[in-house]
Structure formats: structure tokens, C-alpha cells
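Below is one structure, written out as C-alpha cells; comments come after it.
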Protein chains: 2
Amino acid sequence: MSVKQIILGILSWKASTGYEIKNEVEYSGRQLGWGKMSYGSIYPTLKELQQEGLITVQESNTTNRITKVYDITSKGWLELESWIEEPSAYPITKDDLLIKMSFWDHVRSSDDDTILISKLEERKNETQNLLNHFLQWENNEVSTIGRVAFFSMDYVKSKLETELKWIEKTLTSIKIGENLKAKDPNNLIRKSSKRKQGSLEINDWSEL
Amino acid sequence: MSVKQIILGILSWKASTGYEIKNEVEYSGRQLGWGKMSYGSIYPTLKELQQEGLITVQESNTTNRITKVYDITSKGWLELESWIEEPSAYPITKDDLLIKMSFWDHVRSSDDDTILISKLEERKNETQNLLNHFLQWENNEVSTIGRVAFFSMDYVKSKLETELKWIEKTLTSIKIGENLKAKDPNNLIRKSSKRKQGSLEINDWSEL
DNA sequence: TTTACCATGTAAAATGTTACATGATTAG
DNA sequence: CTAATCATGTAACATTTTACATGGTAAA
């Protein structure tokens, strides 16, 4: 992963403490689709970055509380620049609902769609929340949006909107019972159904 | 992650060897946005699944070559069913280019967009390839697409199409030099630029 | 005959999360 | 005064990738 670079990047915005870095990842990074970043990840990485000379620390021992403000060094800036120019891996998405839906027809033989519908509706709410968070972030008075960063914001926004449209479309399609392009040329789904029944019968049998 | 469930799910389609599972993940799973799955992940997991009684093995010792065909058991089917009903985490995407773009304005002060343009064009090609792979998969004679799986396919397709449109829009926007909604109310970008210059000057100084 | 594909597996390293421990400061 | 937030950190665990090791089989 790129925990190191994300931390460096956030420090390029503004010198910060470990605690602030986590908040920044979860507030500004949320709409960008970054995940979360745990302290167990942040503090050890800050130590490493410091040892590599990419960041510096300013410790403030006011009364008896230690806070450490980290800032990026010249070496850190160069590291960030060369990382940006490096080739990037194609994005990877871990989407459990989507994975489940691709196994759905083989696993659940029933026509009852209540579970699927509730899952889609839950997803719709979460996505709508993210979009709201996003719009609020975009339009508040403090957010910095650079020329290039704007494009990435625009991307995330259109992705979220596309997702919402898809959910709507899918929900109506389920409710009116459309059949669409479903196909099973090798009868794999029917076979799955039989294999499943077979194995469950054997199981019943052995339980007697 | 859900390596266990993905393997179980693939075995719900069809009994397979470890080698075939990997191919299936990379061929059918590619369009679904699953990442890759390494043998270092597959074989130990198959062993575990077997120990838990979720899958069985059929060893074939033709001549002197061992191949092991794994199949899902009744316990495995039940496990899959209950996994599908479990609540799913909101999707997580790791998109390095997007991350880079969100730091871009702070890190690269130059107006030269050739690097950005080439990165976007590379991304466009990769996404177009994925979409082509997808369409070919969807329209071939062997792919099984169940009723629910169809919806997930539809989702991925519209996501890829949205991305392509965004790239086109962004490239034209860059080329004609649009300014859009970029803003910097707290002068963070200007400050970054100064902090960067400052740190680089100190560095030059110390190198004398 | 040699290249590509089929096939199984392990050990070490990298990467990250969870859960815990600790305590200061601020707002209501 | 007490709840929320600010703040730092570690150790154990979980997960996965990388790199290696090995060899059979089919097609050109």
C-alpha cells in the first residue's frame, strides 16, 4: 500500500500530528475513497519516515503533555515528486456486495428477493451519505481544491452518482421482475442447484 | 478479505483445481474488479477449507502426476448462504492515480501537464481494455450470467463507461486550460509552494 | 524440441488491523 | 464534573504477496 506516501502527501498540505493525520485521512480522504488508517499503521510509519529523513518532528512539551508535529523535509518533497511520476497500478476495488451478487444465483435458489432488496437499499443510503459528505466538503469555506485535485473530486462525484442511478434502476428492475440478459448456456446454475441438493441430502442422510 | 468465500463461491460454480481457481478469479473476476489471487493464498486456504469440512478433494494420480479437484460440501453451501446474508462492508478502492492527483497541486508547481496527460491516457487504455474484455465475456457463448449476477455486470459496465467519459472530459478540460472550481481559501497551496522552496533552499545550502 | 501452459506447494517478508494501555484538555 | 475529544504508542494477530522450487503435458 501507500501509507507512506499518503502520510507524506498529507504533510505536504500542512504540518500535522499523528492524530490529525488520521482525521485528515478520514475526513478529506473519505470522499476520495481511501479507506481508514489506524494508529497502529500511522505511528510506526511516522517513525520510519523520520529515520529515512523524509520528515522532521517538532516536539512541544507544554506543561506535561507531549505533542509531536511532523513536517516534510526537502528529501520528502523529492520523494513525493518522484512517487507521483512513477507508474501507478490499476485501481483495485474490494466490493463484498458485488462479489456476493455474482455468486447469488448459484447459492440462493429461492425467488425471494427481500434480502437482496434490503442490501441494495442499505448500499444506496451509504452511498447517498458519502455523496452528501462530499458536496458539503466541496462547498464549505475552508476546503482547498487545486486545479488537478478538482478533477479527482469530479471523478468520485460522477462515480457515486452513477452508482446511485444503478441502484435505482436495479431496484425497479427487481420489483417489476424483468429478466434481462440472464443466460446459462452450459446449465451451470441448474447443475449447481442439483449439486447443492445432492450434497444436502447426503448430509441429511448421515445425520440420521 | 474474503479469499475463503471467493474460493467457496467459485467452487459453487464448478468443482476445480487450485490452478483453475486462480484462472477463474483472473478471467471472470477481472471484470468484477476482484484483484488477483496468488497461489500463496490459494493453496493454504484450500487446506484450511478442507480441514473445516467446507470442501472435499478428489485426487487423481494419473501416471505420476497429482491433480486435486476440490468441490464444495453441504457444510460449504450453508457457509456460503450465511455469508451472503451477512452485512457487507462498504467497498474500498485503492486508486493510486486518484491519490496522486489529490496531492498534485501541492507537489508539482509547474504548469507542464504532459505527465498528467500521459497518465490519464494510459488509464484510458487500461479501462478500455477492461471494458472490451467485459463485452467479449458477456457476449460469448459459454458465460453463465444469472439473474442477479447480471445486475453486478451491469454495474461494472456503467462504472467503466463513466470512467471513460470522465477521462475524455478531463483531457479536453486540461488541453483547453479550463479553470473550473479550483479554490484555495486558506492559501494552502501557495503556502505549500513556499514551504517546499524553503526546504529545498536549506537543502542546497547544506550541500555547499 | 522447446515453448507455453498445467499443476502444486512453501518460507519469508511485507503490510496492516485490532485491541489494549495511558493520560491531558476542553466544552457543556 | 463528566463526556467528548485530543494525543501517543505497542504487541499480537491476520492477511497476502513475493519469490522460490519442482516437474508433467501439449502444441508448434
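On a predicted model such as this, the values are computed, not experimentally measured, just so you know. Basis for what follows: all heavy atoms, side chains included, without hydrogens, waters or symmetry-related copies. Letters A, B, ... are given to chains in the order of the sequence lines, protein chains preceding strands, and every chain is numbered from 1.
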Report yes if a side-chain nitrogen or oxygen of [X] is closer than 4.0 Å to either non-bridging phosphate oxygen (OP1 or OP2) of [N]; otherwise report no.
{"X": "B/T67", "N": "C/dC6", "value": "no"}
{"X": "A/Y19", "N": "D/dT8", "value": "no"}
{"X": "B/Y39", "N": "C/dT8", "value": "no"}
{"X": "B/K68", "N": "C/dG9", "value": "yes"}

Name the nucleic acid region contacted by A/S38, choosing base, sugar-phosphate or nothing; use a 4.0 angstrom heavy-atom cut-off, strictly under. base

Across the strands shown, which category fits B/T17 at heavy-atom distances under 4.0 angstrom: base, sugar-phosphate, nothing? sugar-phosphate

Of B/G40 and B/E20, the one whose closest nucleotide on DNA chain C sits nearer the 5' end is B/E20

Pick the nucleotide of DNA chain C nearest each of B/N23 and B/K47; which residue has the one closer to the 5' end? B/N23

Identify whether the distance between the nearest side-chain nitrogen and carboxylate oxygen of B/R147 and A/D113 falls below 4.0 Å. yes

If you round to the nearest 0.5 Å, how far is OG of A/S158 from NZ of A/K165? 9.0 Å

Which value, rounded to the nearest 0.5 Å, describes the distance between A/I99 atom CD1 and A/K94 atom NZ? 4.0 Å

Atom [atom1] of [X] to atom [atom2] of [N]: distance rounded to whole Å?
{"X": "B/Y70", "N": "C/dG9", "atom1": "OH", "atom2": "C1'", "result": "10 Å"}
{"X": "B/I66", "N": "D/dT25", "atom1": "CD1", "atom2": "P", "result": "12 Å"}
{"X": "A/M37", "N": "D/dG9", "atom1": "CE", "atom2": "P", "result": "17 Å"}
{"X": "B/Q5", "N": "D/dT15", "atom1": "CD", "atom2": "P", "result": "10 Å"}
{"X": "B/Y27", "N": "C/dC6", "atom1": "OH", "atom2": "P", "result": "14 Å"}
{"X": "A/Y43", "N": "D/dC6", "atom1": "OH", "atom2": "C1'", "result": "9 Å"}
{"X": "B/E48", "N": "C/dG9", "atom1": "CD", "atom2": "C1'", "result": "15 Å"}
{"X": "A/K4", "N": "C/dT15", "atom1": "NZ", "atom2": "P", "result": "8 Å"}

Closest to the side chain of A/R65, out of D/dC6, C/dT8, D/dT8, is D/dC6

May I ask you to decide if the ring planes of B/Y155 and A/W166 are parallel, tilted or perpendicular, using 30° and 60° as cut-offs? tilted

NZ or CZ of A/K22 within 45° of A/Y39 ring axis and under 6.0 Å: yes

